[in-house]
Amino acid sequence: MAFVQNVPFFSIILSMFSGIISSVLPEKQAKWLNTAVITLVGAMSAWLLSYMLKVGGSYTFMMGHFPAPWGNEIRAGALEALMALIFSIIMLLSLLGGRKKLKDEVEITKHNIYYILTDLLLSSLLALIYTNDLFTAYVFVEINTIAACGLIMIRQNGRTIVAAVRYMIMSLLGSGLLLMGICMLYDLTGHLLMSNIQESVQQIMQESSYQVPMMITIGLITVGLSIKSALFPFHAWLPDAYGYSTVSSAAMLSSLVSKGYIFLLIKIFYRVIGIHIIRGSHILNVLFVFGLCAMIFGSVNAIWENDIRRMISFSSVAQIGYIYMGFGLGTEAGMVASVFHILMHAATKSMLFISAIGLTDASNGSRHFSELTGSGYRNKIAGVGFTVGSLSMVGIPCFAGFVSKILFAQAAVAHNAPVKIFPTVIVLAISTILNAVYFLKTVIRIYVPEKRAYEKKQGYLSFRLSEQKMYGITIICFILLNLVLGMMSQPIVHIIEIGLQNFS
């Protein structure tokens with residue numbers, strides 16, 4: 001085995017041990033250790049991606065060299081390496097972009113705790129990407145939940161505590177359903193490794209035995225992970241959790257946490273149950289309907305909002321609907337579009353949250369649209385970042401969001417059933433119009449000149465902007481990442497296609 005194939009194991013363990021070490025470090029050392037670990041994980045993920053593109057296929061890494069059913073495995077291919085790389089980049093940029101604001105939002109004595117939670121979050125995301133057994137997946141689902149809840153409530157005001165409690169209640173409901181599904185799957189198959197489970201499931205379906213329990217199991221796992229990823233109508237916890245947590249937490253939660261659960265669901269569909277069985281179970285029809293509803297209702301709620309961060313949060317509900325709508329198409333093209341949308345949304349939504357905090361800081365901390373008038377002039381780099389993010393979400397050419405919507409449209413048109421073609425195309429068009437309404441309305445608002453407001457805040461802004469060189473670099477990196485996803489989409493889509501084929 002080549003040394004580079006140890007990268008998934010090293011990445012997970014390194015992130016976990018970084019959290020342990022940070023618990024005894026002061027704030028500055030914990031901060032630099034956290035930054036170094038995320039950067040190293042990203043570099044190793046790029047190395048692994050390069051290697052997998054050369055050799056092709058995928059491989060499994062046996063943890064502790066114990067075979068099934070006692071051991072557990074890591075599985076890696078080009079798609080997993082790509083997800084780990086993009087997730088690492090986004091987490092690093094989210095932390096760097098919100099680092100100055102962290103001093104105002106979190107007590108200095110709790111900063112090392114914040115970095116511990118971030119390390120655990122990274123470790124759990126990597127485990128969900130690479131794991132090849134359901135027991136390990138469930139363990140890291142719970143670690144992910146605890147870390148995310150801590151990142152929400154560490155700000156310690158009334159709103160964040162309430163948001164954290166709501167998040168925990170809904171997340172535990174999803175975890176409970178997932179655990180019940182895994183237990184039933186273990187009862188039916190006697191295995192926890194994904195490849196072994198798939199063999200047993202195929203045998204069960206061929207023999208027409210235990211088909212009803214199998215359908216119930218599929219439903220429990222799907223609903224559990226749908227709740228945890230905030231699919232409509234299970235999204236009620238999302239706006240407060242994203243809207244009132246620290247800016248770095250909001251960026252990471254919206255772009256990474258829900259995507260980790262969705263990627264795990266994709267692996268379960270392909271590697272545990274078998275995608276042909278999933279297509280025959282009609283569960284995708286349910287996801288299709290909920291996805292379409294989320295695309296509309298999430299956007300409508302975003303239009304009604306008068307708070308820029310809650311508006312961005314409701315936009316996430318709509319974008320998660322896009323992903324599940326792609327699942328619901330039940331085709332390879334739909335799944336490819338959904339996976340690409342995961343990457344697009346992760347890169348764009350984190351940029352919007354980081355940009356929004358610059359605009360609110362330029363407006364005396366107000367998040368209401370009436371106070372944001374002209375803020376794009378007062379904080380130019382934040383204005384540019386928010387504009388680029390908005391154009392991407394609407395689907396303007398050259399940006400990642402354009403490619404994502406084109407892929408969804410192509411997947412819909414290529415579908416064999418008119419009952420899914422027309423709803424998909426119509427709702428995709430309506431959702432795009434609604435996206436334009438609330439995002440471009442905000443862009444226009446931040447670029448409407450207001451001389452009086454500018455003069456009132458000019459001294460405050462000069463002081464703040466002089467400290468934000470790293471913030472500006474972060475926004476530029478986010479913009480470049482979005483452009484890379486948009487203008488180099490073909491090789492990325494190819495990696496996704498090959499990765500999904502290897503899952504089967």
Side-chain angles (χ1 to χ4, degrees), residues 15 18-19 21-39 88-122 146-161 163-164 167 240-257 308-309 312-313 349-367 379 381-382 385-386 460-461 463-478:
S15 302
S18 174
I21 295 170
S22 295
S23 63
V24 296
L25 294 178
E27 180 265 341
K28 284 188 177 181
Q29 283 80 356
K31 175 181 69 177
W32 290 116
L33 177 61
N34 174 259
T35 303
V37 166
I38 297 174
T39 303
S88 300
I89 293 172
I90 292 171
M91 179 173 282
L92 179 62
L93 293 178
S94 298
L95 287 169
L96 294 177
R99 182 161 288 169
K100 286 290 183 182
K101 195 65 180 175
L102 188 66
K103 295 179 180 179
D104 302 327
E105 295 173 324
V106 179
E107 295 178 19
I108 191 68
T109 56
K110 294 183 173 62
H111 279 203
N112 68 323
I113 298 176
Y114 190 87
Y115 293 118
I116 293 170
L117 294 171
T118 304
D119 290 329
L120 293 177
L121 183 66
L122 176 60
I146 294 170
C149 188
L151 289 172
I152 295 170
M153 68 185 304
I154 197 167
R155 196 173 178 182
Q156 289 191 315
N157 59 40
R159 288 179 183 265
T160 56
I161 292 174
Y167 172 80
D240 288 343
Y242 295 179
Y244 299 117
S245 56
T246 69
V247 60
S248 291
S249 297
M252 290 186 290
L253 290 169
S254 63
S255 59
L256 301 179
V257 173
I308 187 171
R309 285 186 60 178
I312 299 172
S313 300
K349 191 52 61 74
S350 50
M351 175 169 63
L352 285 169
F353 273 111
I354 296 298
S355 300
I357 199 64
L359 298 175
T360 58
D361 278 355
S363 306
N364 278 346
S366 176
R367 308 189 325 186
N379 191 332
I381 188 64
F386 192 88
Y460 168 77
L461 289 170
F463 173 75
R464 295 295 295 173
L465 291 176
S466 65
E467 296 182 337
Q468 294 189 352
K469 292 180 181 178
M470 182 57 69
Y471 178 84
I473 294 172
T474 301
I475 295 293
I476 292 171
C477 290
F478 268 126

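Residue numbers count from 1 along this sequence.
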Supply the atom-to-atom distance [X] [atom1] to [Y] [atom2], rounded to the nearest 0.5 angstrom.
{"X": "L121", "Y": "I116", "atom1": "CG", "atom2": "CD1", "answer": "13.5 Å"}
{"X": "I90", "Y": "M252", "atom1": "CD1", "atom2": "CE", "answer": "12.0 Å"}
{"X": "L122", "Y": "S18", "atom1": "CG", "atom2": "OG", "answer": "8.5 Å"}
{"X": "I38", "Y": "D119", "atom1": "CD1", "atom2": "CG", "answer": "6.5 Å"}
{"X": "K28", "Y": "I108", "atom1": "NZ", "atom2": "CD1", "answer": "9.0 Å"}
{"X": "H111", "Y": "N34", "atom1": "NE2", "atom2": "CG", "answer": "12.5 Å"}

What are the two closest heavy atoms between [X] and [Y], and how far apart are they?
{"X": "G97", "Y": "Y471", "result": "O-CD1, 3.4 Å"}
{"X": "F386", "Y": "I308", "result": "CE1-CD1, 3.8 Å"}
{"X": "V247", "Y": "K101", "result": "CG1-CB, 4.0 Å"}
{"X": "R309", "Y": "A250", "result": "NH2-CB, 3.4 Å"}
{"X": "S22", "Y": "N112", "result": "O-ND2, 3.6 Å"}
{"X": "S94", "Y": "S350", "result": "OG-CB, 3.7 Å"}

pair [X]-[Y]: side-chain heavy atoms closer than 4.5 Å:
{"X": "T118", "Y": "L151", "value": "yes"}
{"X": "F353", "Y": "S249", "value": "no"}
{"X": "L92", "Y": "I89", "value": "no"}
{"X": "D361", "Y": "N379", "value": "no"}
{"X": "K31", "Y": "Y115", "value": "yes"}
{"X": "S245", "Y": "L253", "value": "yes"}
{"X": "T35", "Y": "L95", "value": "no"}
{"X": "S248", "Y": "Y114", "value": "yes"}

Legend entry - side chain to side chain contact (heavy atoms under 4.5 Å, CB included) between L25 and L33, intermediate numbers included: CA-CA 9 Å; L25 294 178; L33 177 61; 3.8 Å; yes
Review point. So I312 and K349, side chain to side chain contact (heavy atoms under 4.5 Å, CB included) or not? Walk me through it.
Key: CA-CA 8 Å; I312 299 172; K349 191 52 61 74; 3.1 Å; yes
